[in-house]
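This report concerns only the one structure given below.
Values reported hereafter were calculated over all heavy atoms of this structure, with side chains retained and with hydrogens, waters and symmetry mates removed. Position 1 is the first residue of the sequence, and the numbers go up from there.
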Amino acid sequence: MATPTAIVAGNWKMNGVQASIEELKSLQKLLEIKPKACCDILICPPFTLLTGFAAVSGEMIAIGAQDCHTATSGAHTGDISAGMIADAGAGYVIVGHSERRSNHGETSDLVASKATAAQSADLKAIICVGESEAERDAGKTLSVVLDQLTNSIPETATAQNTVIAYEPVWAIGTGRTPTPQDVADVHAAIRASLQDRFGKDGAGVPILYGGSVKPSNALELMAVENVDGALVGGASLKATDFDGIIDAYRK
Ligand code: PEP
């Protein structure tokens, strides 16, 4: 299995209204005029913007959602199925983001079921894992991350339908990042675990780093071994900032 193609993914969280499509168009313009980057580019807006974004995103930008339900349809008020997300024109869905794990009590078992639902709908599941600050301080980073990883990835995972995002919870939206060596250690452990469980496929699953990635630190973080791209929150909302991160994949 070849080295995974890198992905620079933007998670817009609960930000954006119809007019925000102008930001997507600004990003498209930047991608058109600047040298081609050797990575896939993905924007994950709120559900309300999926259809509109997918309609204009074109070949250069993929569109994803930020969560899905485990069921295909039914009595689940307020929820959205993976099939609906695919129907809206998206190709990816984030599952198990730490904000969903903490704000909605999502367990790794539930995350695995959501990833299965995503894969069944032909979406790529971006499965998020990451330790809290207390867990890092207690020296439990690897055990927490590997436990989440094992229990959040379904048996159906392949290099084609699964992406992992390592996002230390304490680095999300804080401006703080782990050292490149810390990132390297966790990504190496994730890669080893994926290969143990999925063999050659495990070598092909992209492993993104997420947590306060911005134009000024992207090059250093993206150069770390086994880092196959970034999951970006705050800095994905402005086309120029997001494009500055994509610069890490331009020659
Ligand atoms: C995220 O929420 O996935 C994230 C990485 O956020 P930020 O880049 O703002 O830290």
Side-chain angles (χ1 to χ4, degrees), residues 4-74 76-97 99-100 114-128 160-163 165 206 208 210 213 229-247 249-250:
T5 301
I7 304 168
V8 177
N11 171 16
W12 277 27
K13 310 193 187 195
M14 198 170 72
N15 296 294
V17 292
Q18 298 302 327
S20 312
I21 203 149
E22 294 309 319
E23 212 55 51
L24 183 72
K25 290 180 181 167
S26 301
L27 178 62
Q28 279 175 316
K29 278 197 192 104
L30 287 167
L31 295 177
E32 272 161 25
I33 58 175
K34 290 183 69 169
K36 191 170 163 24
C38 55
C39 63
D40 291 339
I41 295 158
L42 169 66
I43 295 286
C44 301
F47 287 132
T48 49
L49 301 182
L50 280 181
T51 307
F53 274 35
V56 303
S57 61
E59 304 245 303
M60 279 187 298
I61 304 174
I63 299 298
Q66 300 170 17
D67 181 43
C68 67
H69 196 272
T70 56
T72 51
S73 62
H76 303 287
T77 303
D79 285 314
I80 303 284
S81 74
M84 291 169 172
I85 292 166
D87 184 57
Y92 290 78
V93 60
I94 299 169
V95 291
H97 189 282
E99 288 153 14
R100 300 232 31 114
K114 290 185 173 200
T116 302
Q119 292 160 354
S120 303
D122 286 335
L123 296 174
K124 291 180 200 274
I126 303 179
I127 301 172
C128 302
Q160 283 70 46
N161 67 18
T162 304
V163 177
L208 314 186
V213 179
L231 181 54
V232 185
S236 69
L237 293 170
K238 279 260 154 282
T240 44
D241 290 343
F242 193 57
D243 183 71
I245 292 169
I246 294 169
D247 273 345
Y249 289 99
R250 292 189 174 102

Close side-chain approach of Asp40 to Val8, heavy-atom, < 4.5 Å: no
Does any non-hydrogen side-chain atom of Leu237 lie less than 4.5 Å from one of Phe242? no
Smallest separation among heavy atoms of Leu231 and Cys128, with atom names: CD2-SG, 4.0 Å
Between Tyr249 and Ala6, what is the shortest heavy-atom contact and its length? CE2-CB, 3.5 Å
Counting neighbours of NZ on Lys34 that are heavy atoms of other residues, nucleotides or ligands and sit closer than 6.0 Å, is the number greater than 12? yes
Nearest non-hydrogen partners of Leu208 and Ile7, listed with the distance: CD2-O, 3.7 Å
Within this structure, what is the CE-CG distance for the pair Met84 and Asp79, rounded to the nearest 0.5 Å? 9.5 Å
Begin with the C-alpha distance, continue with both residues' side-chain angles, and end with the deciding distance and a verdict on salt bridge (Lys or Arg N to Asp or Glu O under 4.0 Å) for Asp243 and Arg250. CA-CA 10 Å; Asp243 183 71; Arg250 292 189 174 102; 2.9 Å; yes
Output, in order, the C-alpha distance, side-chain angles, deciding distance and verdict of side chain to side chain contact (heavy atoms under 4.5 Å, CB included) for Ile126 and Val95. CA-CA 6 Å; Ile126 303 179; Val95 291; over 6 Å; no
Got a second to check how far Asp247's CG is from Cys39's SG, nearest 0.5 Å? 10.0 Å
When rounded to the nearest 0.5 angstrom, what distance separates CE in Met14 from CD in Glu99? 10.5 Å
Hey, are the side chains of Pro206 and Thr5 touching, using non-hydrogen atoms and a 4.5 Å cut-off? no
Check whether any side-chain heavy atom of Thr116 sits under 4.5 Å from a side-chain heavy atom of Ser120, and report yes or no. yes
All N/O donor-acceptor pairs, side-chain side in residues 60-70, below 3.5 Å, sequence neighbours left out:
unit_1, atom_1, unit_2, atom_2, d
Gln66, NE2, Lys13, O, 3.0
Gln66, NE2, Cys44, O, 3.0
Gln66, NE2, Pro45, O, 3.3
Asp67, OD1, Lys114, NZ, 2.8
Asp67, OD2, Arg100, NE, 3.4
Asp67, OD2, Arg100, NH2, 3.4
Asp67, OD2, Lys114, NZ, 3.3
His69, ND1, Ala71, N, 2.8
His69, NE2, His76, ND1, 3.3

Value rounded to 0.5 Å, distance of CG in Leu31 from NZ in Lys36: 9.0 Å
Tightest non-hydrogen contact, residues Ile127 and Ala115, listed as CD1-CB, 3.9 Å
Would you check if the distance from the ring center of Phe53 to the ring center of Trp12 is below 6.0 Å? yes
Any side-chain heavy-atom pair from Val17 and Leu49 closer than 4.5 angstrom? no
Taking every heavy atom of Ala54 against every heavy atom of Ala88, the minimum-distance pair comes out as CB-O, 3.3 Å
Within the structure provided, determine whether Thr162 and Lys124 are in side-chain contact (heavy-atom separation under 4.5 Å). no
Could you walk me through whether Asp241 and Val232 satisfy the side chain to side chain contact (heavy atoms under 4.5 Å, CB included) test, starting with their C-alpha distance in whole Å, then the side-chain angles of each, then the deciding distance to 0.1 Å, before giving a yes or no? CA-CA 10 Å; Asp241 290 343; Val232 185; over 6 Å; no
Are the side chains of Ile246 and Ile41 in contact, using a 4.5 Å heavy-atom criterion? yes
Polar side-chain atom of Ser81 near backbone of Thr72 as donor-acceptor pair, under 3.5 Å: yes
Between OG on residue Ser26 and CD1 on residue Ile21, distance to nearest 0.5 Å: 11.0 Å
Please confirm whether the backbone N or O of Glu23 pairs with a side-chain atom of Ser20, one donor and one acceptor, at under 3.5 Å? no
Here the gap from Glu22 atom CD to Leu27 atom CG, rounded to the nearest 0.5 Å, amounts to 13.0 Å
For the residue pair Tyr92 and Leu123, what are the closest heavy atoms and their distance? N-CD2, 4.0 Å
